[in-house]
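Before any comments, here is the structure.
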Amino acid sequence: MLSRVSNSLYWMSRNIERAENTARLISVRLIGSIEHKENHWDELISISGANEDFEKRYDKYDARSVMDFMSFSSDNPNSILNCVKLAREDARAIREIIPQELWEMMNSFYWEVKQYKYENWTVDSIDDFYQMIIRQSALFQGMVEATLSFDEAYLFIKMAKFIERAEKTSRILNIYYYRSEDPEHNDPSLYRHWFAVLQSVSGHEAYLKKHHPFITGERVIEFLLFDEAFPRSINYCLEQVYNVFQELENGKIEHYSEDLHQLIGEMRLDFKTMSVIDVITEDIHQFLQRFQSNCSQLGRLINKTYYLGEVGV
Amino acid sequence: MFKTYETKSFFDEMLQEREKPRAHYQTLYNRLSTLPEDELQARHEAAQQNFLRQGITFTVYNDDQGAERTIPFDFVPNIIPKDEWLQLEKGLIQRVKALNLFLDDVYNDQQILKDGLIPRELVVTCKYFYPQVTKIKVPRRNHIFMAGIDLIKDENGEFRVLEDNLRNPSGLSYVFQNRYVMRHVFPDFLQDYNVVSLENQFTHIHDALSSIAPNNITMPNIVLLTPGVYNSAYFDHSFIAQQLGIELVEGRDLLVRDRIVYMKTTRGLKRVDVIYRRIDDEFLDPLEFRPDSMLGVAGLLDAYRAGNVTISNGIGNGVADDKAIYHYVPNMIRYYLGEDPIIRNVETYFLRDEEQRKYVLENLDQLVVKQTDGSGGYNLLIGPHATEQEREDYRVQIEKNPSNYIAQPMVTLSRMPVFRGEEFSGCHIDVRAFVFNGEHPHVFPGGLTRVALKEGSLVVNSSQGGGCKDTWVMTD
């Protein structure tokens, strides 16, 4: 497969996943703020690491500004609108590679997002927009599973999705953990806080099944870091990345893939050997930041191993 | 809905005269006459929507909002009876054969110039004549893998060649999309007729490309080279690559090492044997043509010269589809094949010839004047429709550089009905026929019918408000 093609597959997949994660994150916050007038909208910007960009354009971190920036701003490369646009552009550049149905879905998705009246949206109706994004992303995942041959193209899409997901779960946990450390938190508000964290990665139901309605910070962290079955826990995502890599390389380690193999091994080791107590004792922020910088390194090594960066723009 | 439809003085594809359809249109005419207007309207809109959903759009340049337009589709098909088509096929094959022999000749011995059939000066001063590619051994001496021949019908209903396109003719994908939409939105129309199917066409096209691989290798790695996603014909490129099951590459995906072309894959370099290129000659290789080209591949021509890769259509084909050379194609057919041309040209005047120029300048209000190297329907003068001032401006241009222009009598292109909501109205059409040349020449059944949607307009190009129609070749 052409390196340029795998590069497009990779970024198409990451951008769809990113759009979905952002939509869910905002939606959960939006619904939560109806009942509880807490205001920590800046957290959402911190999760995407865009405070500087945001502050250049807006005076304060109010709901409307944050939603506008994260959903529609053309200045924000990670806004939902931009993610969908980029994903569709990548899909278009490889439309002869992906199934026609998948391309048409991506194309319709783009037009739906683009035609949304984002100059005069209202808080009452905006959640429909986020739900639409989440649904379309699910449709994308479903179509990938149902129409793509399980070959290299499929594997690149899958790898990109799980890297994006793992990184997002890590960022959410990192920022939201700060607030749980706030001494002003009382028990009910902490409970609500952790419940919202679970919702932000669509994990509340899976968590309740496993732990029943006993929600503590420690257990939520354990669930989101180590759970072996929940599709957005970092451990699960990492195992998927490892499996994809094994598939791509037919289980062999060649000279060119050695560095990538080693890094994935090291990242897995943390999750195999450490417990949630270890993580909290070590300092969870440090742990997560190490994980995130490993993710960046992972991206670089994938580029290098499969020549994704070799094609000039 | 045909009550108000007038054929006027034009040849009409569908109607002999008012409310009297030609025999092969009778069935369709009956159906169209019985369907309620609002149903036709709804299906018409569904058809346009279909194109947008499938992303069969071209980018509107100079619009940073990313505006994309679809080419308007009209559901009244252009139907060609079997016998008429068979005759046309013969004529197209004859013409492309002669043009290919001409290209092989001018880039090798130039016998036709020595024999004085075509003025040497006309060939060697042509902007698209590339001495860089003389004497290159082209596999099978095949310069034209794919030709797009634009045909019109004159006022007597006789097919004529308006233009040859031997460089990068586009539009093939639209032929398939038109049929696709027809099948989905107007299946009842199709069911009434026995129409040659397009299903297996790509087998022929793939065979043609394989047959021109260098050194007769059997399973060549064929790629389609595109300028990229921002090119207005990108959909065409992507569709053809997908249907042929070949890799769609950009210049940056390729590199040349030791006179061999490779593509960059996730597993390293892979050798390329045949390049069906859809970028223009001057952008192919910055070392040989335009040094500022970002689309091409450095060293490509060198690999071509070494016989390690086929580039198709051949380089320098523009010398054969030049509007001035066009005049000589009937002569070429006689010269190379010893046959009379089956499809006639449209009469052409040369403005470099003093006598003809005098005639043209005196009759500007009745003629169409074209630049010899122009394309896409830009910058042509349609005498009868132009204003006094426009004709005057053109006259100045012509006098400055007469050999840059040709003139043709105003051929009144045939018309056919186009759906306009409450009624059908007559619009001018032309047909781009596609000829593929590998081991044997093969004419694609039908082709792309383009229609000038602007009231009274003669320009069918999509960049100038043209639309398209499905083209049916009947099997009985």
Please classify the contact of [X] with chain A as side chain, backbone, both or neither, using a heavy-atom distance under 4.5 Å.
{"X": "B:Leu52", "result": "both"}
{"X": "B:Gln243", "result": "neither"}
{"X": "B:Phe235", "result": "side chain"}
{"X": "B:Glu247", "result": "side chain"}

For atom [atom1] of [X], is the number of surrounding heavy atoms from other residues, nucleotides or ligands below 6.0 Å larger than 12?
{"X": "B:Arg257", "atom1": "CZ", "answer": "no"}
{"X": "A:Gln100", "atom1": "CD", "answer": "yes"}
{"X": "A:Glu55", "atom1": "CD", "answer": "yes"}
{"X": "A:Lys252", "atom1": "NZ", "answer": "no"}
{"X": "A:Glu52", "atom1": "CD", "answer": "no"}
{"X": "B:Asp292", "atom1": "CG", "answer": "yes"}

N/O donor-acceptor pair under 3.5 Å between A:Trp111 side chain and B:Arg53 backbone: no

N/O donor-acceptor pair under 3.5 Å between A:Arg92 side chain and B:Gly55 backbone: no

Side chain to side chain contact (heavy atoms under 4.5 Å, CB included) between B:Thr265 and A:Met1, intermediate numbers included: CA-CA 5 Å; B:Thr265 78; A:Met1 188 168 55; 5.8 Å; no

Which portion of A:Ile94 sits near chain B, non-hydrogen atoms under 4.5 angstrom: backbone

Region of A:Thr305 that comes under 4.5 Å of a non-hydrogen atom in chain B: backbone

B:Tyr234 versus A:Glu96, closest heavy-atom pair with distance: OH-OE1, 4.3 Å

Closest non-hydrogen atom pair, A:Ile98 against B:Gln242: O-NE2, 3.8 Å

Top contributor to chain B interface from A:Ile97, A:Leu248, A:Asn107 [non-hydrogen pairs under 4.5 Å]: A:Asn107

Between CZ on residue A:Arg4 and CD on residue B:Glu250, distance to nearest 0.5 Å: 4.0 Å

Step-by-step side chain to side chain contact (heavy atoms under 4.5 Å, CB included) determination, B:Thr266 to A:Glu152: CA-CA 9 Å; B:Thr266 50; A:Glu152 237 183 332; 2.7 Å; yes

Intermediate values then yes/no, side chain to side chain contact (heavy atoms under 4.5 Å, CB included), A:Tyr306 and B:Arg267: CA-CA 7 Å; A:Tyr306 300 106; B:Arg267 308 292 166 162; 4.0 Å; yes

Trace of the side chain to side chain contact (heavy atoms under 4.5 Å, CB included) decision for B:Met263 with A:Leu2: CA-CA 7 Å; B:Met263 60 184 198; A:Leu2 286 175; 3.8 Å; yes

